[in-house]
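Report on one structure; see the data block that follows.
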Amino acid sequence: ALSRQMPCLPTWPLYQGNREALGWALDGAARSIQFIGAGAFLSTSLLRMAKEAAGCETEPPPGETVISECNETIYGIKPSSLLTTYTMVVGVASSAMLPLMGAVIDYTRHRLLVGRIVSFVFTICILPTIFLNESNWFAIAVLQVVISFVGWAQTAVTYAYLPELTDDELLLGEWTKSFTIWQFISMVLFLAAVIGSVSVAGKDGDDLLTSQIAMSVAFAVNAILLPYVWVFLFEKRQPLHQLPEERSLWTIGFVQLYNTSKHIAKNYRSLKWFYISIAFSDAGIQALATVAITYLTDQLQFTARENGVAILLMLVGSIPGGVVSNFCSRRLDPIRSSQLALVLLIVATGLFAIFATGPDQYSRTYVLAFVWGIGVGWKWTCDRLLASSVIPEGQDTELMGVFLFSGQCLSWMPPLVFTAINESGVSQRIGVASLDVYLVISLFGYCFMGTYTKAREEVNRGTVYASRDPMADAETTGPKKANAKDIEELEAAPDITDVEQCTNDPTPGVGIIGSP
């Protein structure tokens, strides 16, 4: 194998010489750059070109600051429904694809081969997006659907390696934190470089040039990193299970998902409600980027650079979000911390729908984008802990697939609802506010989970957090007021991310259009 030609790197400082851990970090950083480039810059250009093709105004008339509402259609839909429509298609297709990818991972020895193929296709498909123009914008929009779908396939293969990187739980937690940090740094540097370059060149309002620069950088990064990762760093794997003779590879993934879900529903009440909550919260959060980019571009008249600034602030906001998550999870528990994060997201989304009403509202938009970042960073940090700590031991790889599927299975619903609202002529502000419905349902799901202590007891697992959680103990030992000693012990507990075993979205703080 080509990967065996690489040195063993026994003294390499990164990840203790573990080549697959280094590969995981580089793969995640490369994909994150592409998805955030497409979401922040390419999508803005596609939306403007769709409006131009439909014969709608893209600039305000002389002496005015507001662009008139576009009620024309292109390919049967309003231009403002373009992004949410193809996000809906990606959501349905990727949800159907994940069980099949899980079957390939579990029942064949072709994991590495599939990873190499999808990473190659993913990289090649980025190249044409550099040459976006008025004559090929619809073909590029269709291609973006393909890129997002292939990106989800690659994500499924990559995530299968995560629990296998090491048997040391704490070390895996440290590496998981490192992966998130590197992905965050790569996205921030990418956004800063693109925004800075167009600003220095005096092309702030040139959406097409901004998109071309962004996708050129994204292609270069992926063309360099992904071949190196999948040829030299990731290794082959043998099948995890033997495929039953009476089963087909095309259907076994769906059968296994159904059986696992039925088993969870019957035996693990807290885990069941956790996955239900993830399905609704991730649907709302992932749709946030699509809906926000559409609303910012169509209603607030933001340029690609200004959209990039908003997403950059969301990413920056995820840093204090992670800190707040850590603090609240220690003082309360991860379930209650998740509930507070959802409340913040519900309030921020509602305020955006109420107060972001027209052009030139940069300050309030950027403030709310930063608050969104806090909420999403807070929520997903809690999700990572819960996803690894309320599952039965020995089923990490299997339930990794269930966790990914839960986060994707309803991703088509919010874009569908927004598109229906937009096509019916109702204000897009109502469409933005509709995202709160999914977050509220998720909030109720967390309420039905019960306490963190009981959730751990259901799967026969102990934890330093549950054993040191004076609030959760009150349910089993009677009311108890936390004293100074309790608080000191709780604060001395290790960081919650030290027991992470999986991550949700590789893009902390923002779900980019159609992306994993």
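Quick note: numbers below take in every heavy atom, side chains included, and nothing from hydrogens, waters or symmetry partners.
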For this session: Could you pull out all residues at least two apart from L344 that satisfy side-chain contact (heavy atoms from CB on, under 4.5 Å)?
Result: V371, I374, W378
For this session: Rounded to the nearest 0.5 Å, what's the gap from CZ on F355 to CD on Q361? Could you check?
Result: 10.5 Å
Could you pull out all donor-acceptor pairs under 3.5 Å where a side-chain atom in residues 98-105 meets a protein atom, sequence neighbours excluded?
none

For this session: Would you tell me whether D282 and S411 have side-chain atoms, one donor and one acceptor, within less than 3.5 Å of each other?
Result: no
For this session: Starting at CG of L47, measure out to CD1 of I293 and round the result to the nearest 0.5 Å.
Result: 9.5 Å
Seminar exercise, completed: Applying side-chain hydrogen bond (donor to acceptor under 3.5 Å, both in side chains) to S135 and not counting sequence neighbours gives N133
Exercise. So, W24 versus Y159, ring centres under 6.0 angstrom or not?
Worked result: yes
Problem set entry | Counterpart residues, side-chain hydrogen bond (donor to acceptor under 3.5 Å, both in side chains), relative to T365 (two or more places apart) | none
For this session: Classify the side-chain pair T419/S81 by whether it contains a donor and acceptor separated by less than 3.5 Å.
Result: no
Problem set entry | Between T210 and K203, a side-chain donor and acceptor under 3.5 Å | no
Problem set entry | By side-chain contact (heavy atoms from CB on, under 4.5 Å) - contacts of S119 (at least two apart) | Q154, L226, W230
For this session: Scan residues 425-441 for pairs that pass side-chain hydrogen bond (donor to acceptor under 3.5 Å, both in side chains), counting only residues two or more places apart or in two chains.
Result: D298-Q428, N422-Q428
For this session: Please identify each residue that fulfils ring pair (Phe, Tyr, Trp, His ring centres under 6.0 Å) with F138, with sequence neighbours left out.
Result: Y75
Exercise. How far apart are the C-alpha atoms of E235 and R111, what are their side-chain angles, what is the distance that settles it, and do they pass the salt bridge (charged side-chain N to carboxylate O under 4.0 Å, His left out) test?
Worked result: CA-CA 9 Å; E235 297 284 351; R111 183 196 303 186; over 6 Å; no
For this session: Check whether the ring centres of Y295 and F352 lie less than 6.0 Å apart, and answer yes or no.
Result: yes
Problem set entry | Counterpart residues, side-chain contact (heavy atoms from CB on, under 4.5 Å), relative to E72 (two or more places apart) | A54, C56, C70
Problem set entry | Option from V440, L439, L443 for which side-chain contact (heavy atoms from CB on, under 4.5 Å) with V343 holds | L443
Seminar exercise, completed: The reported gap from CD1 in I195 to CZ in F190 (rounded to nearest 0.5 angstrom) is 9.5 Å
Exercise. Between M88 and F418, does a side chain to side chain contact (heavy atoms under 4.5 Å, CB included) hold up when you go through it step by step?
Worked result: CA-CA 10 Å; M88 178 177 58; F418 181 89; over 6 Å; no
Exercise. Is a side-chain N or O of T73 found less than 3.5 angstrom from the main chain of G76, in a donor-acceptor match?
Worked result: no
Problem set entry | C125: disulfide (SG to SG under 2.5 Å) partners, not counting sequence neighbours | none
Exercise. Going by the angle between their ring planes, with limits at 30° and 60°, are Y362 and F302 parallel, tilted or perpendicular?
Worked result: tilted
Exercise. Are F184 and F179 close enough that their ring centres sit under 6.0 Å apart?
Worked result: no
Exercise. Is the Y86 to F149 ring centre distance short of 6.0 Å?
Worked result: no
Seminar exercise, completed: side-chain contact (heavy atoms from CB on, under 4.5 Å) filter on I124, not counting sequence neighbours, yields F120
For this session: Mind checking the CD1-OG spacing from I33 to S186? Nearest 0.5 Å is all I need.
Result: 4.5 Å
Problem set entry | E20: partners by salt bridge (Lys or Arg N to Asp or Glu O under 4.0 Å), with sequence neighbours left out | R237
Seminar exercise, completed: Rounding to 0.5 Å, atoms NE2 (H110) and CD1 (I117) come to a distance of 9.5 Å
Problem set entry | Over 12 foreign heavy atoms within 6.0 Å of CH2, W412 | no
Exercise. Which pairs count as salt bridge (charged side-chain N to carboxylate O under 4.0 Å, His left out) when at least one residue sits in residues 207-218, sequence neighbours excluded?
Worked result: R48-D207
